[in-house]
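Heads up, the thing below is written out as structure tokens.
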Amino acid sequence: MERTKIGIIGCGVISNTYLHDITQYYRELEVTACGDVNPAAAQQKAREYEIPHAYTVEQLLEDPEIVIVINLTPPKFHTGINRRILEAGKHVFCEKPFALSLEEAREIEDLAKEKKLYVGCAPDTFLGSSLQTCGKLIRDGWIGKPLYATANMMSGGVETWHPSPDFFYKEGGGPLFDMGPYYLTALVTLLGKIEKIQSVARTGFEKRTIYSEPRRGQELRVEIPTHYSAILQMEGNVAVSMNMSFDIWYSSLPRMEIYGTQGTLVVPDPNMSGGEPLLYRFENTIDEVYGESKEALNRPVKPVQVPELYHRLADYTRGLGVLELAQAIRKKRDPRTGTRLACHVTEAMNGIMEAARSGSTYVMQTDCERPEPLPLGGEAGRI
Ligand SMILES: NC(=O)c1ccc[n+]([C@@H]2O[C@H](COP(=O)([O-])OP(=O)(O)OC[C@H]3O[C@@H](n4cnc5c(N)ncnc54)[C@H](O)[C@@H]3O)[C@@H](O)[C@H]2O)c1
């Protein structure tokens with residue numbers, strides 16, 4: 001089997017998930033090098049996951065064997081590192097957010113075109129079993145025509161678990177740039193492109209206390225909004241209400257629901273690759289058709305059981321997008337996680353910020369099609 005050689009730049013928290021999942025599940029990929037601005041971090045991950053090389057960034061980019069470089073650095077370094085990877089003649093898979101602005105995103109898109117290289121971007125969770133199943137249910141008409149949706153990421157912030165939470169409260173962080181890509185990508189891949197945006201933004205707390213080790217008890221200054229409430233108008237006139245927050249201690253709002261002419265689809269957490277969608281068909285709620293039947297009127301509304309139709313290797317996984325990118329490179333086609341989708345999501349995040357700043361409706365400029373669904377069946381760990 002042909003194995004695509006991979007280098008990873010940025011050996012922090014999320015590199016553990018990539019390294020574990022790629023080495024365990026995706027036999028077509030082979031991580032041959034870890035690189036980091038901090039040599040100890042690269043050495044530690046290389047040792048832990050038995051990766052042959054621990055490199056500096058320069059050494060990794062000079063290694064002729066490496067075909068794809070995964071960029072797992074903090075957001076503000078994404079564009080600079082992506083540029084260097086492409087300049088070195090290698091394909092890129094970048095963690096989210098792809099870029100801080102649409103201009104930066106387009107710069108990388110243009111450079112990749114010029115160099116005839118491919119770029120994929122996280123999130124790749126829409127390639128996982130739960131969101132692929134949701135896409136199939138919508139396409140097959142189980143909820144009729146989608147009319148509305150709600151998307152809510154209601155959390156208390158990352159300083160409860162992340163060892164270096166600072167970048168989440170500076171430009172390029174916040175709930176919108178941290179978790180927004182999962183929700184926006186899920187909406188676009190399920191419902192189509194975003195056309196118009198309105199929003200409001202707030203900063204609920206000027207300072208935050210770090211609860212995680214090793215800096216437990218220290219305070220962080222918040223430089224950006226940490227709560228957004230937005231209304232998105234999507235293709236086909238679908239109206240979406242969206243909340244992205246680091247300011248909420250508890251919420252019972254659903255993560256995502258899509259309401260159609262014939263039913264409701266409860267979409268599992270878009271941050272996860274697995275999870276069972278719930279489907280409520282209109283037939284189950286129109287109990288007046290049973291007339292005076294007390295039994296029918298008292299019957300609870302139950303979801304239709306739908307199977308997950310694709311492989312679920314684990315609920316929380318990363319790396320499927322890298323596998324799909326490797327296949328796209330071999331077949332000389334754009335990856336499903338490519339720059340058109342990444343540019344659209346980057347513009348939407350900035351559009352939500354801009355609409356909040358100006359108080360006006362933001363009209364999207366970029367276009368984007370729904371990525372091709374994955375084929376059903378096949379071997380686990382392969383596409
Ligand atoms: N932590 C998570 O659970 C998670 C989940 C999904 C996606 N992400 C995304 O992954 C990226 C990294 O997040 P993280 O939590 O792993 O961050 P982290 O701070 O834990 O790790 C970042 C690593 O990048 C290195 N680094 C920083 N600047 C660099 C540079 N210029 N060149 C080379 N290396 C550099 C740091 O030394 C560090 O080892 C972010 O974009 C984040 O949004 C994180």
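Everything numeric in this text was worked out from a predicted model, so none of it was measured.
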Rounded to the nearest 0.5 angstrom, the OG1-CG distance for Thr56 and Asp36 is 10.5 Å
CG of Leu176 to OG of Ser245: how many Å apart, nearest 0.5 Å? 11.0 Å
Does the pair Asp21 and Tyr26 meet the rule for a side chain to side chain donor-acceptor pair (under 3.5 Å), with working shown? CA-CA 7 Å; Asp21 292 359; Tyr26 303 126; over 6 Å; no
Which atom names give the shortest non-hydrogen contact between Pro175 and Pro225, and what distance separates them? CD-O, 3.9 Å
Side-chain donor or acceptor of Thr203 paired with backbone N/O of Phe205 under 3.5 Å: no
Spacing of OH belonging to Tyr310 relative to CG belonging to Leu374, to within rounding of 0.5 Å: 6.5 Å
Can any side-chain N or O of Glu104 pair as donor or acceptor with the backbone N or O of Leu100 at less than 3.5 Å? yes
Indicate, with yes or no, if the rings of Phe168 and His162 have centres closer together than 6.0 Å. yes
For Asp315 and Thr317, which I'm curious about, is there any donor-acceptor pair between the side chains at under 3.5 Å? no
Are a donor atom and an acceptor atom from the side chains of Tyr118 and Asp334 found within less than 3.5 Å of each other? no
Please say yes or no: joined through hydrophobic side-chain contacts below 4.5 Å, possibly via intermediate residues, are Val306 and Met272 part of one cluster? yes
Is it the case that Asn350 and Ser101 place a side-chain donor and acceptor less than 3.5 Å from each other? no
Charged N to carboxylate O under 4.0 angstrom, Arg336 versus Glu372? no
For a side-chain hydrogen bond (donor to acceptor under 3.5 Å, both in side chains) with Tyr169, tell me which candidate from Arg221, Glu223, Glu159 qualifies. Glu159
With a 3.5 Å distance limit and no angle check, can you tell me whether Arg255 reaches the backbone of Asp269 through a side-chain donor-acceptor pair? no
In terms of heavy-atom contacts, Phe167 and Pro74 come closest through CD2-CB, 4.0 Å
Quick test of your reading of the model: are Lys115 and Glu87 salt-bridged, counting only N-O distances below 4.0 Å? yes
Would you check if the side chain of His78 reaches a backbone N or O of Cys94 as a donor-acceptor pair within less than 3.5 Å? no
So, are Lys96 and Asp178 salt-bridged, with charged N and O less than 4.0 Å apart? yes
Who pairs with Tyr280 by side chain to side chain donor-acceptor pair (under 3.5 Å), at least two apart in sequence or on another chain? none
Hey, are the side chains of Leu320 and Ile383 touching, using non-hydrogen atoms and a 4.5 Å cut-off? yes
From the list Glu276, Arg312, Glu308, side-chain hydrogen bond (donor to acceptor under 3.5 Å, both in side chains) partner of Ser129 resolves to Glu308
Residues Gln198 and Thr361: side-chain donor-acceptor under 3.5 angstrom: yes
Among Val240, Leu184, Ile352, Val238, find the residue that satisfies the side chain to side chain contact (heavy atoms under 4.5 Å, CB included) test when tested with Ile194. Leu184
Can you tell me how far NZ of Lys5 sits from CD of Glu30, rounded to the nearest 0.5 angstrom? 4.5 Å
Gly236 backbone acceptor or donor facing Lys145 side chain under 3.5 Å: yes
Just checking, Arg318 and Tyr316: is the charged tip under 6.0 Å from the six-membered ring centre and within 45° of the axis? yes
Lys/Arg N to Asp/Glu carboxylate O, Glu235 vs Lys193, below 4.0 Å: no
May I ask whether Ile81 and Val13 are part of the same hydrophobic cluster, defined by side-chain heavy atoms of I, L, V, M, F, W, Y residues being less than 4.5 angstrom apart, directly or through others? no
For Glu171, is the CD atom crowded, meaning more than 12 foreign heavy atoms sit under 6.0 Å from it? no
Scan side-chain atoms only and decide if Ser273 and Thr125 contain a donor-acceptor pair under the 3.5 Å cut-off. no
Side chain to side chain donor-acceptor pair (under 3.5 Å) evaluation trace for Asn243 with Ser241: CA-CA 7 Å; Asn243 288 295; Ser241 68; 5.7 Å; no
When you look at Ser229 and His227, which way does the side chain to side chain donor-acceptor pair (under 3.5 Å) test go after all the steps? CA-CA 7 Å; Ser229 292; His227 180 100; 3.1 Å; yes
Could you check whether Asn71 and Thr73, counting side-chain N and O atoms only, form a donor-acceptor pair closer than 3.5 Å? yes
Heavy-atom distance under 4.5 Å between the side chains of Ile70 and Ile9, does that happen here? no
At what distance, to the nearest 0.5 angstrom, does CG of Leu265 lie from SG of Cys134? 4.5 Å
Taking C-beta and beyond as the side chain, do Asn16 and Glu48 meet within less than 4.5 Å on heavy atoms? yes
Which heavy atom of Arg208 sits nearest to which heavy atom of Gly156, and what is that distance? NH2-O, 2.9 Å
Does the side chain of Leu19 come within less than 4.5 Å of Ile51's, by heavy atoms? yes
Determine whether Leu279 and Thr264 make a side-chain contact, defined as any pair of heavy atoms from C-beta on separated by less than 4.5 Å. no
Is it true that Ile329 and Leu29 fall in one hydrophobic cluster, defined by side-chain heavy atoms closer than 4.5 Å? yes
Could you tell me whether Arg382 and Glu28 make a salt bridge, using a distance below 4.0 angstrom between a side-chain N and a carboxylate O? yes
Assess the side chains of Tyr148 and Glu257: does a donor N or O sit below 3.5 Å from an acceptor N or O? no
Under 4.0 Å between a side-chain nitrogen and a carboxylate oxygen: does that hold for Asp247 and Arg202? no
Give a yes-or-no answer on whether the side chains of Arg333 and Gln327 include a donor-acceptor pair shorter than 3.5 Å. yes
Arg27 side chain to Gly381 main-chain N or O, any donor-acceptor pair under 3.5 Å? no
Are Val345 and Phe93 linked, directly or through intermediate hydrophobic residues, by side-chain heavy-atom contacts shorter than 4.5 Å (ILVMFWY only)? yes
Quick one, Val67 and Lys90 - any side-chain contact, counting heavy atoms below 4.5 Å? no
Going by heavy atoms in the side chains, are Phe98 and Val119 under 4.5 Å from each other? yes
Indicate the atoms forming the closest heavy-atom contact of Ala46 with His53, along with that distance. CB-O, 4.1 Å
Say whether Ile66 and Val322 are linked into one hydrophobic cluster, either directly or through other cluster members, by side-chain heavy-atom distances under 4.5 angstrom. no
What do the steps show when you test Tyr182 against Phe126 for ring-ring contact (aromatic ring centres under 6.0 Å, His included), and what is the final call? CA-CA 8 Å; Tyr182 295 106; Phe126 75 90; over 10 Å; no
Which heavy atom in Leu127 sits nearest to a heavy atom in Gln132, and how many Å separate them? O-CG, 3.6 Å
Between Arg106 and Glu109 (salt bridge meaning N to carboxylate O under 4.0 Å), is one present in this structure? no
Taking the side chain as C-beta and beyond, is there a heavy-atom pair between Leu309 and Lys136 under 4.5 Å? yes
Judged by modelled atom types alone, do Glu347 and Tyr362 share a side-chain donor-acceptor pair under 3.5 Å? yes
Quick one about Thr337 and Asp124 (side-chain donor to acceptor, distance below 3.5 Å, no hydrogens or angles considered), yes or no? no
Please give me the minimum heavy-atom distance between Arg370 and Thr189, naming the atom from each residue. CG-O, 3.2 Å
